[in-house]
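Here the structure is laid out as C-alpha cells; the discussion comes afterwards.
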Amino acid sequence: MSLFRKLFLVDLIEGMKVTFGYQNPKYIYTEQYPKERPPVSERYRGAPRLNINPENGETLCIACDLCALACPENLIVVGWQRGGPDGKTGKKTLTNFTYDISRCMFCGLCEDACPTDALELTQDFEMANYSREGAIWDRQALEEGPRPTQYKE
Amino acid sequence: MPDEIKPEAPKPEAAKPEAPKAEAPKAEAAVKPEAPKAEAAAPKPAAPPKAPPVAPAPWEGDLVTHMKNRFGAAILEASTFLGQNYFLVDATRIEEICFYLRDDQKFDMLADLTAVDYPKKEKRFEVVYQLYSFPRNERLRLKAPVAENESISTAVNVWKTANWLEREAYDMFGINFAGHPDLRRILLPEGWQGFPLRKDHHILTQDDQWVRENLNIESGQ
Amino acid sequence: MPSTAQILDWLTIAKPYIIMGLVVAVWPLVSGYIVLMERKVMADMQVRLGPMRVGPHGLLQPIADALKLLIKEDIIPARVDKWVFWFAPVIPVLTALTAFAVLPFSQRYFVAELNVGVIFILAMTSIGVLGIMLGGWASNSSYPLLGALRSTAQLVSYEVAMGFAVVAAVMVAGSLDMVNIVKHQQASGVWFIFYQPIGFFIYLVAAMAETNRAPFDMPEAESELVAGFMTEYSGFRWALYFLAEYSNIFVVCSIATTLFFGGWLRPFPNVAWLNFLDWAPAVMLVGVGAGCLYLAGKQLSAANKIGMGVLGAAIIAVGLAFGVPMVIDYVSGPFWFLFKVAVMIYMFMWARFTFPRYRYDQLMQLGWKWMIPLGMANLLVTGVLILVKMQYWSAK
Amino acid sequence: MTEAETVYRPHPEDHTFLDSNEIVINMGPQHPSTHGVLRVVLRLDGEKIIGSECVIGYLHRGVEKIAENRTYVQFNPYVDRMDYAAAVSNSLGYCEAIEKIMSVVAPPRAQYVRVILTELNRIASHLLWLGTHALDIGALTPLFYCFREREEILKIFENYCGARLTTHSFRIGGLQYETYDGFEKQVNVFCDDFLHKVDEYETLLTGNRIWLQRTKGIGVISAEDCIQYGVTGPVLRGSGVKWDIRKAMPYCCYPDFEFDIPTGQNGDTFDRYIVRMEEMRQAVRIIKQAVAKIPDGPIMAKIPKVIKPPVGEIYHSIEAPKGELGYLVVSDNSTQPYRVRVRPPSFVNLSALDIMIRGHLVADVVAVIGTIDIVLGEVDR
C-alpha cells in the first residue's frame, strides 16, 4: 500500500463508495413477503398432495405402500382395504392416507417412489400451523391442499 | 480370505477416469473386465450367496515387507480392497506401529480415527485409523481389533488429531484409549448412559428412560 | 391585559424553559427516528428494505418500538447490585440531555449562553461513561464487566484526542462560548473546517470512539461481548441506554457542526450571489414532500398510500410556508443546524456499515500513537499560524 | 466455582502472570458469533486468552446411528443435514462412496452436473463463511451482499432439484433430475456477475486497513501443526500446503478441468481469507469449463433397484468447502449400511482452535472461529 493510499485513507474511501453506491433503490433485493409473493420453481418440493384423476374424481393412489417404504422418516401411513365383497380379495383401494409434515424433510423420495404420480410435492410452501396435530395431514387435507393458518392484515 | 488372487501393486486411491463409461450391472461385472480385481475374483466362489464382484485381496508391496520385517506377527493381515490398502494389526503394538508409519514411512497425517463394532467377533471392536501421506500421496488404513474390556494405547502422542477423535470413539463405543490425556465424552453429555454406536444399544432406550423420568409417560415414540 | 411588549418580555424569559421542555418531551421520539433513520440507511446500504410494516414505509416503527420497550417486563437478574443496576442507565441520559442546554440551534434558540460552553459539553459527555461503567459493574457478569472496562479505557484515551481537536478550533475562534464560535465563523465568512481539516478529522474519529460507534464500538461489540455492558439489561432500562447513545451522537454531531461547520449558518454566509441558498429549506422540504408522494404510489396497502400521501402533502405545505420571507428568517437557523447534524449522523452511520471493527488494543494504539500526537502537532501548527497571523496584522 | 470453571480443565501449557486477574467466561452456546451452538470456555487474563476448552455436541443427532437404521438410499437425505451450508458436497461424497463400493461409475453427464452443482455449493458455502466472518469482525454489510449472491445459487438449486438448502440433489448412481431448460444459461450468467461481486467484496475488505489489522498475524497455525492436527481444506492451504483432494486424489470428473490451488504463506486469518476468496474464483473457472463441455447422455448408471453393496469397507473422501470430508462405509451386503463413519472436516479443524487462539484477545477468538469456518451441524453430527 503506497503512502498516498495510506495517508489519504483511500482504502477506506473506496469501501465507502461501494456502500454508498448500493443505496440506490434499484439494488434492493428483498421482498415484502406476504404481499409480494416470490415465485417458486416448478420442481419445488413443498407441501405434499395426493392427486386425483381430473376425469372421474377418483384418487390416483393405488395403495401400493411404496411411498411409505421409501420414506426415511416412516411418516406415511397408507390405509387400504380389498375392494372385493369379502374385503379380502380384489383390488386394493385407498381408505386413508396420513402424512406427518412435522417430520417430513422434503427429500422427495416418496414422490420418486410413487408409480402413478399420485403423491406429489407441490409448490405450496406455506404449512404453518398452531398445533402439532394440525401438521399431520389426512387424506382429505392431502387432496385439497394445505390450509395454513393465515397472516391477516 | 482366500489367497489365490493375483497380487496387485499398492496403488494410491484415485478416481478412475478411464473406467468404462457404460456401466455394467453388478452381476455382469464379474465377467466384464471392469477392474482387474473383479476379473481375478470371478472364478472363485465367495462366501455370500450372491457372488460379489469384489473382495479383499492380499496386498504385497514394499510397505508390507517393511512392516512385516519390522513387526512380524503384529501384522495380522495386509489386504487391499477396491484399491484401498489396509493392515490389520495387533492392538497392543499400535503406538509403535503408528510412530513407525509416521516417522519412517511418512504417513504424516491421521485423517480419521474411528471404530466399528462387530459384536459377534472375538474381539468386538475394530479401531480404524485412516492415514494419509503427503509425500507419497497415499492413503493407508490400519485396523486394530480390541475386545470390549481391553484398552488400546492412544495415538495422541503420534498425531494430535487423535485427541478429539479418540474421545469421540470412546464416547460412541466405550473403547478405552490408555494414555489419552483427557478421555471423556465429547459429543454426548457427561451423564449419558451407554455407548450409542454399539450394535446392542437400541436408540429408544435412552429416550424412553428420559421420557419416563421427566415427563411421566411411558414412551416418547 | 398585558401589552405586546410585555408578552414578548415574558416570552424572552420563558424561552429557555420552553426549549428545555420541548427537548425533554420531544427528544425520545426524535432519537427514535434517528434509530429508524439508521435502520433505513443500513438497509439501503445492505440492499434491503428495512422496517416496512408499521405505518407507511415503516415510518411508525419508532413508536411501536418505544411502546414495546415500555411495556416489556423489567428484568433484574438475581445477583446484581440492585440500586446501581436501577440507576446506572439514568446517568448517561441525564448528562446527554444536560449537554443540550448549550447547543445553539440558532442565534435565537438556545437554553443557556455559557461562556465555557464547549468545556461544559465535554465534561457532561465524560460523566456519561459513569453510567456505562456502573451498569457493567452492577450486572455482576463477565461480558458486561469486560464491556465496562473497555468503555472506560476507550473514553480516557479518546477524550484527550477530542480535547486537542476542540482546543484547536477554539483557538481559531478565540472563544469557548458556542454561540460566539458560530458568530466568529460568520464574521470570518468561512467555516472552521477550512482552517482545521485535521482537527475535524481527529474530532470525527474521537467522537465515533467516544460515542461507542463502529468501527470503535468495543464496549458493545455484539459479535464479541454479546451486548457488552448492556447484556443483562432489557426493556425500558435498555431503552434508556439506547436513548443516551443516540443523544450523545446528536450532541457530538452538534459540537462538530458548531465548531467546524458554522452552526446555524448557511454555506458561505457572506457570499452574496449564494443568497438563493436561503430558499433551500423551502425547496428541500418540498422536495422531500414530493418524494413522499412518489413513495405513496408504491405503498402496497391503501391505508399506507393515504398515510404517505397525507404526510407528503403536509411536508409540502410546511415547505411552502417556509417560503414566506418572515418565516424563513425564523426557521432557517434551526433548519441548517439540524440539517448539518443529520449529515454528520449520516456520516457516522455510513462509516459504521462500511468498516470492520477495530480490536480493543488496536483502538488504544490508534488513540495514543496516532490521534493524540496528531492532535498535538495540529495544535502546535495552529498556534504558530495564529501567532504569525497576529504579528502580520499588527505589523500592518 | 461456576459451572464454566468446572468444565475448564487446566492445560499443562497454561500459565498466568497473576492469578488474581483470571476470569473464566463462557462463549456460547448462545453467543452471536459462535456460528451455532459451539461453546468455548475461555480463561482470560484481562482480555488475553490463556486457555480454552471447546464444549460441543449440542447439535448431536446421531447421524451415524441413523445410518445404521436406514437403507443406503434413505440415508442420502440425512447427509445433507450435517454440513447444511454445503449439502451438495456432502451428498456427492456419500453417493461416490457407495458407488465406489458397488464398483459403479456415474455417467459422464451426471458427473459434470455434479461438479457444477458442487462447485456452486462451494461458492455458496464460502459466501456464507465470508459474510459471517466479516460480520464477526464487525463489517456488517458484506453479509448481505454475500447472501444476495448466495441466493442466486440457491435459486439455481431450487430450479434444478426443488430444494434450496438441503437439496438431496444426487442419487447413488447418478442424478434423479435432468437439468432444466436454461440451466447452463443461468449458471453462466451467475458466473459472469459473480466475479465482479468478488472484486467488490475485496474492495470492502481486502484493502481495508482495519480488516488487515484484524486478520494479519491472527490465529497463526503452521503447516506442521496443521498436519499434526489433521486440519484440512482452506486452513491447511492458508498455511502453505498445496493440497487439495480434487488434485491430489481426483474424484468425479475433476481431472477434466483446469484450476489452481491457491495457497497462503503465513497461515494467519488473512491468508485463509485470501485462499477462500481465490477458491471462489477458481470454482467459477471450473463451473465455466464444465458448463461449456457438458456431455449428453444418460444421467443414471445402471444400478439394481435394491442397493446391496458387497461385503467390505471403503473410505472415500472429497474436498468439501471446509476440508476433507470422508465417508467410511462398511457394508455387510444388506440393504442397510453396517456402519457409516463421517470424517467431518469441521470437527477436526475445530480441535486446532485451542492452539490458534492462545495468547490472543477475546476479539480474535471470534475472528479465528470464523476463519476455521465450522458448521456445527457437521461438528456434532
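Remember, it's a predicted structure, so these values are computed and weren't measured experimentally.
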Checklist entry - Do the rings of D:Phe259 and D:Tyr254 sit parallel, tilted or perpendicular, given the 30° and 60° boundaries? => result perpendicular
Checklist entry - Aromatic rings D:Tyr78 and D:Phe75: how do their planes relate, parallel, tilted or perpendicular, breaks at 30° and 60°? => result parallel
Less than 3.5 Å apart, any donor N or O on the side chain of [X] or [Y] sitting next to an acceptor on the other?
| X | Y | answer |
| --- | --- | --- |
| B:Gln130 | D:Arg341 | no |
| B:Asp112 | D:Tyr315 | no |
| D:Gln336 | D:Ser334 | no |

Item to check | Nearest-0.5 Å distance, CG of residue D:Asp332 to OH of residue B:Tyr118 | outcome: 9.0 Å
Atom group of [X] that falls short of 4.5 Å from chain B, counting heavy atoms:
| X | result |
| --- | --- |
| D:Glu313 | both |
| D:Leu236 | side chain |
| D:Leu59 | neither |
| D:Ile245 | side chain |
| D:Glu64 | both |
| D:Tyr338 | both |
| D:Ile227 | both |
| D:Val241 | side chain |
| D:Asn69 | side chain |

Checking heavy atoms, do the side chain of [X], its backbone, both or neither come under 4.5 Å from chain D?
| X | result |
| --- | --- |
| B:Ala115 | backbone |
| B:Leu110 | backbone |
| B:Arg102 | side chain |
| B:Asp171 | neither |
| B:Leu165 | both |
| B:Arg167 | side chain |
| B:Asn163 | neither |
| B:Val128 | side chain |

Next on the checklist: Do D:Arg381 and D:Phe347 form a cation-pi contact, if we require the NZ or CZ to be under 6.0 Å from the six-membered ring centre and within 45 degrees of the ring's axis?
Outcome noted: yes
Checklist entry - What residue, out of D:Ile66, D:Leu350, D:Thr232, has the most heavy-atom pairs lying under 4.5 Å from chain B? => result D:Leu350
So which heavy atom on [X] is nearest to which on [Y], and how close?
| X | Y | value |
| --- | --- | --- |
| D:Ile172 | D:Cys95 | N-SG, 3.9 Å |
| B:Ala111 | D:Glu324 | CB-OE2, 3.8 Å |
| D:Pro255 | D:Cys252 | CD-O, 4.2 Å |

